[in-house]
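When a residue number appears, it is its place in the shown sequence, counting from 1.
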Amino acid sequence: MGEQPIFSTRAHVFQIDPNTKKNWVPTSKHAVTVSYFYDSTRNVYRIISLDGSKAIINSTITPNMTFTKTSHKFGQWADSRANTVYGLGFSSETQLNKFAEKFSEFKEAARLAKEKSQEKMELTSTPSQESAAGDLQSPVTPESINGTEERDRETPDAALNTGCRLELNAVPLPHSSTSITKHWEAELAALKGNNAKLTAALLESTANVKQWKQQLAAYQDEAERLHKRVTELECVSGQTTGIKTQKSELNQTIEELEAELKAKEEELEKLKEEVENTTELQTQRDQLRHKLQETELRNEELELQLVGLEQRVESRRLEEQSFRKSLRSLLQMLDGKIFELSALRDSLAKLMDSHSS
């Protein structure tokens, strides 16, 4: 079955500074997809995030991990195996709560899976195996080696505020480009799953082909032996009834073997066609990966254009505010002049009235 995504969201990804263990270092320029994966072959849960073709998060969930919400949009957890602390900045508190719920759910599932595997090992182990294992093995978990998990989980307020400010100032992606990216990511994930299934089928078919070739060689040897046996019987016993019956039975066996051999050859041809189809699917997967890379580049260009447009809108808004202030001051001056002219008019009217009287 391979590894399948079971929950995905988008967030800004950070890691703790390995030198200071205090400051957050952003590992993605913009919000990226963060997914929970389940590996059915190993029965483990992982958190994986890709920035292009680079894996910026690859963390296996263990029962002693803890996801801590340090603000209403920011959370973190320590990974002692990777010797780092991961931080995620979300666009809303709802997304943070949903991610935390899934973390607790898969952490509990990992704990139950670990207990079941230990119970199976205890049930299947014999006393001799247990004594030998006690002499040869001394299991040490990564958590017991690294004792700095709780310490790394504690981060200063200044670092958390920096992560929050970076998350608040993040520019949202255009809806159309995001939907295209999600579509290609889903299609690529589906192709990866199909590719894993076809690869497993190809390996199984290859093993079957080897087995059928061995059976074919054995059938051919058996047919040659039977032909030799028929010839010997004909030479030794002549045309007796018993030998004819045995010959007819041997001939019927040979015909059945030849029919089975023909069926195996037809199945081998079908397997060859499936291998060719697998090659075509791999070519399509490479083409889709190339298209996805082009889409991501287009998204980055659109983000840059969006930032430029926002800057121009902001400068235009500031210019309009300055223009409005200038108009207000001019209107106030005009109001003052009009008032002065009205007063002058009244004075002139009074003066003319006084002269006429």
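Following chains of ILVMFWY side-chain contacts shorter than 4.5 Å, one cannot reach W77 starting from V25, and the two form parts of different hydrophobic clusters. Hydrophobic clustering (side-chain heavy atoms under 4.5 Å, transitive across Ile, Leu, Val, Met, Phe, Trp, Tyr) groups F7 together with L88. Connection of V44 to F67 is not established within any shared hydrophobic cluster, with ILVMFWY side chains joined at heavy-atom distances below 4.5 Å, either directly or through further cluster members. Neither L50 nor L297 shares a network with the other; the hydrophobic side chains, linked directly or stepwise wherever heavy atoms of I, L, V, M, F, W or Y lie under 4.5 Å apart, form separate groups for each. Grouping the Ile, Leu, Val, Met, Phe, Trp and Tyr side chains by contacts below 4.5 angstrom, directly or via other members, places I48 apart from I6.
Distance check, rounded to the nearest 0.5 Å: OG1 of T94 to NZ of K73 gives 10.0 Å. We find the CD1-CG distance between I57 and D79 to be 10.0 Å, quoted to the nearest 0.5 Å. Y36 contributes atom OH, which lies 10.5 Å from atom OG of S8 (distance to the nearest 0.5 angstrom). The distance from the CG atom of L334 to the CG atom of L341 is 10.0 Å, given to the nearest 0.5 Å. With values rounded to the nearest 0.5 angstrom, L257 atom CG is found 7.0 Å from L226 atom CG.
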Could you please spell out the steps behind the salt bridge (charged side-chain N to carboxylate O under 4.0 Å, His left out) verdict for R42 and D39? CA-CA 6 Å; R42 296 188 300 161; D39 190 346; 3.1 Å; yes
Decide yes or no on salt bridge (charged side-chain N to carboxylate O under 4.0 Å, His left out) for E314 and R317, but give the supporting numbers first. CA-CA 5 Å; E314 182 66 20; R317 186 180 63 81; 2.2 Å; yes
For V32 and H12, run side-chain contact (heavy atoms from CB on, under 4.5 Å): C-alpha distance rounded to whole Å, both residues' side-chain angles, the deciding distance at 0.1 Å, then the answer. CA-CA 6 Å; V32 296; H12 290 79; over 6 Å; no
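Between P63 and K114, the closest heavy-atom pair is CG-CD, 4.1 Å. When all heavy atoms of F90 and Q95 are compared, the pair lying nearest together is CD2-CB, 3.9 Å. Residues G75 and L96 share a closest heavy-atom pair of N-CD1, 4.0 Å. Considering every non-hydrogen atom in both T20 and N23, the closest pair reads OG1-N, 3.6 Å.
Screening residues 322-334 for side chain to side chain donor-acceptor pair (under 3.5 Å), with sequence neighbours left out, gives no hits. Residue pairs satisfying the side chain to side chain donor-acceptor pair (under 3.5 Å) criterion with at least one member in residues 334-349, sequence neighbours excluded, are absent.
The backbone N or O of T70 lies less than 3.5 Å from no partner atom in the side chain of T68, so there is not a single donor-acceptor pair. A donor-acceptor pair is defined here as one N or O able to donate and one able to accept, closer than 3.5 Å; such a pair exists between the side chain of S49 and the backbone of T33.
When the side-chain contact (heavy atoms from CB on, under 4.5 Å) test is applied to L309, the partners found at least two apart in sequence or on another chain are R312. The side-chain contact (heavy atoms from CB on, under 4.5 Å) test applied to A218 returns no partner, not counting sequence neighbours. Annotation: side chain to side chain donor-acceptor pair (under 3.5 Å) contacts of T253 (sequence neighbours excluded): none. Here E260 pairs with Y219 under the side chain to side chain donor-acceptor pair (under 3.5 Å) rule; sequence neighbours left out. Applying the side chain to side chain donor-acceptor pair (under 3.5 Å) rule to E296 yields no partners; only residues at least two apart in sequence or on another chain are considered. Partners of N58 by side chain to side chain donor-acceptor pair (under 3.5 Å), not counting sequence neighbours, listed by chain and number: R46.
Salt-bridge check for K54 with D51: failed, with every basic side-chain N at 4.0 Å or more from each acidic carboxylate O. With respect to E273 and K270, no salt bridge is recorded, no charged nitrogen being found less than 4.0 Å from a carboxylate O.
In this structure the side chain of Q15 never reaches within 4.5 angstrom of the side chain of V85, judged on heavy atoms. Side-chain contact between S28 and F14 is absent, with no heavy-atom pair separated by less than 4.5 Å. Looking at heavy atoms from C-beta onward, E274 lies in side-chain contact with L271 at the 4.5 angstrom threshold. Taking 4.5 Å as the limit, every side-chain heavy atom of K272 sits out of range of all side-chain heavy atoms of V275. Counting heavy atoms from C-beta outward, I47 and F37 have side chains that stay 4.5 Å or more apart.
In this structure, the ring of F74 has its center less than 6.0 angstrom from the ring center of W24.
For the residue pair N43/Y38, the side-chain donor-acceptor check at 3.5 Å is satisfied.
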Compile the donor-acceptor pairs under 3.5 Å between side chains in residues 97-108 and protein atoms, sequence neighbours left out, one pair per line.
from	atom 1	to	atom 2	distance (Å)
N97	OD1	K69	NZ	3.0
N97	ND2	E93	O	3.3
S104	OG	A100	O	3.2
K107	NZ	M65	O	2.7
E108	OE1	R111	NE	3.2
E108	OE2	R111	NE	3.3
E108	OE2	R111	NH2	2.2

Acceptor/donor pairs from residues 282-292 side chains to any protein atom, 3.5 angstrom cut, sequence neighbours excluded:
from	atom 1	to	atom 2	distance (Å)
T283	OG1	T279	O	3.0
H290	NE2	E294	OE2	2.8

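Grouped with L344 in one hydrophobic cluster are L348, the linkage being side-chain heavy-atom contacts under 4.5 Å among Ile, Leu, Val, Met, Phe, Trp and Tyr residues. Clustering of Ile, Leu, Val, Met, Phe, Trp and Tyr by side-chain heavy atoms under 4.5 Å joins F323 with L327.
Shown here is K264, whose NZ atom has more than 12 heavy atoms of other residues, nucleotides or ligands within 6.0 Å.
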